2 protein chains.
Amino acid sequence: MSNQSKPVYLKLRDQIAAAIIDGRYPEGEMLPSVRALAAEQGANPLTVAKAYQQFQNDGLVEVQRGVGMYVADGAARVLRNRERDAFLSEEWPEIRERMDRLGIAPAELLTDA
Amino acid sequence: MSNQSKPVYLKLRDQIAAAIIDGRYPEGEMLPSVRALAAEQGANPLTVAKAYQQFQNDGLVEVQRGVGMYVADGAARVLRNRERDAFLSEEWPEIRERMDRLGIAPAELLTDA
DNA sequence: CGCGCTGTATTATGGCACTGAAGCACTATT
DNA sequence: AATAGTGCTTCAGTGCCATAATACAGCGCG
């Protein structure tokens, strides 16, 4: 659903955010360079820069021009809380409404880990 | 999430599907005309037609040119089963993964009715 | 200094999806 | 026949996305 026809820069943004939350991009560590990530993902450097842009504006990554971009302290916590609130207030109600309409019992969703 | 920056014709499509599943557009009954629904929703008739298009291709609505479009027999059941399967196989795994990442326990969200 | 690595800005271009306006084709009713 | 209601086709416009080529600016190191 989230990985299909969505703009590339948004997919990259989500992917980076997940990596920060999971600690795969640890706080204080340097993020992959624009060109490096672009090459790795087969995307354009400009597109990667656009994905990084949003994190800069929010102060979640610190830019050292000529050096690289670093994950700010507390970025993982802020990011997780923000996405958590957004999920609960916006996405979950609609998901729940859909489950009710489709007749999906909550129990059957919890069987697997 | 589903009601923000999503194309109008897709929002209309979901809305119509929900109405069919819920029986607000009963089987055998005539659907609102393209122009009528467009006026009601403040959209362009063509956009509404595009939303209806997908149901025609799947045989869920029957078109009588010059007359109108009617909900096919069994449309509600087919539609509900299809969306149900799609939800379980495609959407839910991603939702589950996100909830795990954000530290949300599924059980506490499913307890209330 | 010179080289190589960072991010950034500019401009241009192609593609694609969405939306819209006008008109055509068909049917039922009068 | 005339009218008014249907869906449908065609043409055109708009905006976003992605890419490309190029150049600029800051930093570290030999």
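Hydrogens, waters and symmetry mates are skipped; everything else that's a heavy atom, side chains included, is used. Remember, it's a predicted structure, so these values are computed and weren't measured experimentally.
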**OP:** Using a 4.5 Å cut-off on heavy atoms from C-beta on, say whether the side chain of B:L37 contacts that of B:E40.
**Re:** yes
Original post:
Salt-bridged, B:E94 to B:R98, with N to O below 4.0 Å?
Top reply: no
**OP:** Report yes if a side-chain nitrogen or oxygen of A:N44 is closer than 4.0 Å to either non-bridging phosphate oxygen (OP1 or OP2) of D:dA20; otherwise report no.
**Re:** yes
Original post:
CG of B:L12 versus P of C:dG20: gap in Å, rounded?
Top reply: 11 Å
Subject >> nucleotides 3-17 of chain D: protein proximity per nucleotide (B base, S sugar-phosphate only, - neither; heavy atom, under 4.0 Å) >> reply: --BBBS-B------S
**OP:** Spell out, yes or no, whether A:Y70 and A:I16 are grouped together once hydrophobic residues are joined by side-chain heavy atoms under 4.5 Å, including indirect joins.
**Re:** no
Less than 3.5 Å apart, which donor and acceptor atoms pair up between the side chains of residues 41-61 of chain B and the rest of the protein, not counting sequence neighbours?
from	atom 1	to	atom 2	distance (Å)
B:N44	OD1	B:L46	N	2.8
B:Y52	OH	B:P32	O	2.8
B:Q53	NE2	B:N57	OD1	3.4
B:D58	OD2	B:R82	NH1	2.9

Subject >> Residues forming a side-chain contact (heavy atoms from CB on, under 4.5 Å) with A:P7, sequence neighbours excluded >> reply: A:Y9, A:L10
